[in-house]
Amino acid sequence: MTYRGVDISEWQDVYSYELLAQEVDFVIIRGGFGYSTIDKEFDKNVNGCIKNKIPYGVYWFSYALNEESARNEADFLCSLLDKYAVKPSYPVFFDWEYDSMNFARKNGAAPNKAKITEMNEAFCERMTKLGHIAGYYLNNDYKKNYIDISKLKKYRK
């Protein structure tokens, strides 16, 4: 079976959640990025999904520099999710991408494959302990060169 999903954030203008519910099986919503920057449309997107019974998950675009800051990002995201009556039925994802790497390098960190994997694991472990299904976003380049997915088997990808 093929499922249809979409990633939404402040960069996509969702004009009708009723229509969206007819087009997709699930939505993955950007919670925000960095330590505590909330996506401008996060509340609207979560409430739109809840009201229209669209299953949803959330991702956090990470600017973590180490495992502790990845756990802090997870804690902050969890505090956002706690205010909603309907918990995400899809995973809460750690999203580390090229901009994350550039930020880390500009701030004196030089994350390698092991460190990026450890940050993914730290975020996912924390989200799991806080009662959420945890996972990680990645593209093929990150799968091949920057994340050791063999160490993250217990999490969704």
Side-chain angles (χ1 to χ4, degrees), residues 3 5-14 24 26-50 54-84 86-157:
Y3 293 95
V6 64
D7 166 339
I8 61 175
S9 71
E10 65 189 66
W11 303 110
Q12 294 81 33
D13 186 21
V14 179
V24 301
F26 66 94
V27 170
I28 305 297
I29 303 167
R30 182 173 82 157
F33 57 92
Y35 176 69
S36 61
T37 304
I38 302 167
D39 186 279
K40 292 175 185 168
E41 298 292 318
F42 180 71
D43 191 61
K44 175 185 163 199
N45 286 333
V46 172
N47 285 320
C49 287
I50 291 170
I54 304 170
Y56 75 96
V58 176
Y59 72 96
W60 190 262
F61 193 96
S62 179
Y63 285 114
L65 300 176
N66 53 45
E67 297 92 323
E68 188 59 32
S69 55
R71 282 188 285 274
N72 289 339
E73 289 177 347
D75 288 340
F76 184 80
L77 178 55
C78 193
S79 72
L80 287 179
L81 296 173
D82 284 347
K83 70 181 186 177
Y84 298 99
V86 178
K87 194 169 158 176
S89 54
Y90 276 72
V92 177
F93 294 98
F94 182 78
D95 184 16
W96 174 275
E97 297 186 27
Y98 302 110
D99 199 48
S100 311
M101 182 72 83
N102 291 336
F103 177 83
R105 288 179 177 149
K106 285 177 187 174
N107 285 279
N112 57 20
K113 188 172 190 171
K115 181 58 70 180
I116 296 168
T117 301
E118 290 165 2
M119 289 187 293
N120 273 272
E121 188 171 30
F123 180 93
C124 289
E125 281 178 1
R126 179 77 87 195
M127 291 309 298
T128 300
K129 285 181 183 175
L130 296 171
H132 295 279
I133 303 165
Y136 55 99
Y137 263 19
L138 75 164
N139 62 34
N140 286 330
D141 182 33
Y142 270 77
K143 180 179 180 181
K144 181 179 175 184
N145 298 305
Y146 297 104
I147 299 173
D148 183 352
I149 63 171
S150 71
K151 295 187 177 191
L152 301 170
K153 288 182 180 179
K154 60 184 171 181
Y155 305 112
R156 306 283 176 91
K157 65 177 176 172

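Side chains included, hydrogens not; waters and symmetry mates left out as well; all remaining heavy atoms used.
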Practice problem: May I have the step-by-step check of salt bridge (charged side-chain N to carboxylate O under 4.0 Å, His left out) for R30 and E41, ending in yes or no? | Solution: CA-CA 9 Å; R30 182 173 82 157; E41 298 292 318; over 6 Å; no
Quiz prompt | Y63/F61 aromatic ring centres below 6.0 Å | solution = yes
Exercise. Check whether any side-chain heavy atom of Y59 sits under 4.5 Å from a side-chain heavy atom of S9, and report yes or no.
Key: yes
Self-check item: Set of residues satisfying side chain to side chain contact (heavy atoms under 4.5 Å, CB included) with respect to S36, sequence neighbours excluded
Solution: F76
Quiz item: Do side-chain atoms of Y142 reach the backbone of E97 as a donor and acceptor pair under 3.5 angstrom?
Solution: yes
Exercise. Return yes if some donor-acceptor pair links the side-chain N/O of E73 with the main-chain N/O of A64 below 3.5 Å, else return no.
Key: yes
Quiz prompt | Partner residues of L65 under the side chain to side chain contact (heavy atoms under 4.5 Å, CB included) criterion, sequence neighbours left out | solution = S69, F103, A104, N107, A109
Exercise. Quick one: which residue pairs count as a salt bridge (Lys or Arg N to Asp or Glu O under 4.0 Å) with a foot in residues 132-146, not counting sequence neighbours?
Key: none
Quiz prompt | Shortest non-hydrogen contact from A74 toward R126 | solution = CB-CG, 3.7 Å
Quiz item: Can you find a pair of side-chain heavy atoms, one from V46 and one from L80, that are under 4.5 Å apart?
Solution: no
Exercise. Quick one: pull up CD in E125 and CG in L152 and give me the separation to the nearest 0.5 Å.
Key: 9.5 Å
Quiz item: Looking only at atom types and distance, does a side-chain atom of K157 sit under 3.5 Å from a main-chain N or O of I149, one as donor and one as acceptor?
Solution: no
Quiz item: If you draw a 6.0 Å radius around CZ in R156, do more than 12 non-hydrogen atoms from other residues or ligands fall strictly inside?
Solution: no
Quiz item: Where does the angle between the aromatic ring planes of W96 and F94 fall among parallel (under 30°), tilted (30 to 60°) and perpendicular (over 60°)?
Solution: parallel
Practice problem: Please examine the side chains of D99 and F33, heavy atoms only from C-beta on, and report whether any two atoms are closer than 4.5 Å. | Solution: no
Exercise. For N72, check side chain to side chain contact (heavy atoms under 4.5 Å, CB included) against everything at least two apart and list the hits.
Key: Y35, E68, D75
Quiz prompt | P88: side chain to side chain contact (heavy atoms under 4.5 Å, CB included) partners, not counting sequence neighbours | solution = Y56, V58, L81, V92, H132
Quiz item: Roughly how far, to the nearest 0.5 Å, is CG of N145 from CG of N139?
Solution: 9.5 Å
Exercise. For S100 and S62, indicate whether the former's side chain and the latter's backbone hold a donor-acceptor pair under 3.5 Å.
Key: yes
Quiz item: Is the shortest heavy-atom distance from the side chain of M101 to the side chain of Y146 under 4.5 Å?
Solution: yes
Self-check item: Rounded distance (nearest 0.5 Å) linking atom CD1 of I28 with atom CG of N45
Solution: 12.0 Å
N/O donor to acceptor pairs below 3.5 angstrom from side-chain atoms of residues 117-124, sequence neighbours left out:
residue, atom, partner, partner atom, Å
T117, OG1, K113, O, 2.8
T117, OG1, D148, N, 2.8
N120, ND2, I116, O, 2.8

Self-check item: CG-CG distance between D82 and L77, expressed to the nearest 0.5 angstrom
Solution: 9.5 Å
Practice problem: Please report the closest heavy-atom contact between F42 and G31, naming both atoms and the distance. | Solution: CD1-CA, 3.5 Å
Quiz item: Do we see a donor-acceptor contact under 3.5 Å between the side chains of D43 and Y84?
Solution: yes
